[in-house]
Amino acid sequence: MKFLLLDIDDTISPWLYKGIDAVVIDSMGIELGIPRHIADWLKKVSKEEVKIIWCTNRPSVVCTLIEKTIGFKSEGKLTFTNRKAYPWDKLWGIIEFSNNNSEHTIVLVDNDVTEGTKGINNLPNNLKLISPSDQRRGCLSVRDLETIDKILKIEISD
C-alpha cells in the first residue's frame, strides 16, 4: 500500500494565492487558493492505489471542502496526540503512523520538512519527505509532483 500524507498551508495552498489558475475554496470566510496543476494532480493521484491522508492542523471541515471542490476523497486526517515529543508538533504522529505501517511506502509532503527541522534525522525507512520547491508561489511545483509519482511508483496519464 502507498500513503500520501498531505499538508495544506504553503504546500498545496500558497499563502493568499489568487492566481488566474487558482481553484478557490471558501474556508469559513477565508479563501484558499490551490494552483490548478496541484488540484488536477490530486484528482488524478486519488484514482491510483494511493491513500491520501491529511497531515495538517487545519480543521477537518477545511479538508472536506478541499476534497469536494477538487473532486477526490481522502482516507481521513492524521491526529497529533503527543505534540510535545518533538519541537515540530506533527512529528510524533507522523513517526507513529509510519511505524504502524512499516511495510508500506509513505510520502510526507509538507513545507515544514527541511534538513534543518529538529527531530527528522532518524525517521523510519519507509517515510520519504518532500518539501515544496516553488519558492515564487510557496507550494509544490510540477517537478515536486513528478518526484512524488516516482517515489509512489505511479504513472499518471492525461
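In terms of heavy atoms, R137 sits closest to P35 at NH1-CB, 3.8 Å. Of all heavy-atom pairs spanning H37 and L140, the tightest one is NE2-O, 2.9 Å. Minimum interatomic distance between I94 and L5 (heavy atoms only, all atoms of both residues): CG2-CD1, 4.3 Å. When all heavy atoms of D10 and W15 are compared, the pair lying nearest together is OD1-N, 3.1 Å. Nearest approach of A39 to I34, heavy atoms of both residues: N-CG2, 4.0 Å. Minimum interatomic distance between K73 and E67 (heavy atoms only, all atoms of both residues): CA-OE1, 3.6 Å.
Within a 6.0 Å sphere centred on NZ of K2, other residues, nucleotides and ligands contribute more than 12 heavy atoms. Counting non-hydrogen atoms of neighbouring residues, nucleotides and ligands closer than 6.0 angstrom, the CG atom of D26 exceeds 12 such neighbours.
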Please report the C-alpha distance between L152 and F3 in whole Å, then the side-chain angles of each, then the deciding distance to 0.1 Å, and finally whether the side chain to side chain contact (heavy atoms under 4.5 Å, CB included) criterion is met. CA-CA 8 Å; L152 293 173; F3 293 97; over 6 Å; no
Exercise for review: Check step by step if side chain to side chain contact (heavy atoms under 4.5 Å, CB included) holds for H104 and K51.
Suggested key: CA-CA 11 Å; H104 304 296; K51 293 186 180 239; over 6 Å; no
field: side chain to side chain contact (heavy atoms under 4.5 Å, CB included) between W41 and I148, intermediate numbers included
entry: CA-CA 11 Å; W41 178 81; I148 296 166; 3.7 Å; yes
- Evaluate the criterion side chain to side chain contact (heavy atoms under 4.5 Å, CB included) for residue pair I106 and F97; output intermediate values, then yes/no. CA-CA 9 Å; I106 300 167; F97 180 85; 3.8 Å; yes
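I8 and V61 end up in the same hydrophobic cluster when Ile, Leu, Val, Met, Phe, Trp and Tyr side chains are linked at under 4.5 Å. L127 and M1 end up in the same hydrophobic cluster when Ile, Leu, Val, Met, Phe, Trp and Tyr side chains are linked at under 4.5 Å. No continuous path of hydrophobic side-chain contacts links Y17 to L65 [ILVMFWY only; heavy atoms under 4.5 Å].
Looking at L129, L145, L6 one by one, the single match for side chain to side chain contact (heavy atoms under 4.5 Å, CB included) with V109 turns out to be L6. For the salt bridge (charged side-chain N to carboxylate O under 4.0 Å, His left out) test with D40, the passing option among K43, K44, R36 is R36; the others fail.
Interatomic distance, T11 OG1 to D134 CG, rounded to the nearest 0.5 Å: 11.5 Å. Put simply, CD1 on I130 and OG on S141 are 9.5 Å apart, with the number rounded to the nearest 0.5 Å. How far OG1 of T56 is from CD1 of I12: 8.5 Å, rounded to the nearest 0.5 Å. Summarising the geometry, atom CD1 belonging to I151 is positioned 10.0 Å from atom CG belonging to L4; distances are rounded to the nearest 0.5 Å.
Proximity of R58 to L32: side-chain heavy atoms (C-beta onward) are separated by under 4.5 Å at one or more points.
Within the 3.5 Å criterion, the main-chain N or O of S74 finds no donor-acceptor partner in the side chain of K77. Within the 3.5 Å criterion, the main-chain N or O of D9 finds no donor-acceptor partner in the side chain of S13. Judged by distance alone, the side chain of K90 and the main-chain N or O of L78 form no donor-acceptor pair under 3.5 Å.
Side chains of D144 and T147: no donor on one and acceptor on the other come within 3.5 Å. Side-chain atoms of D7 and W54 include no donor-acceptor pair closer than 3.5 Å. The closest side-chain donor-acceptor pair between N126 and S98, if any, does not fall under 3.5 angstrom.
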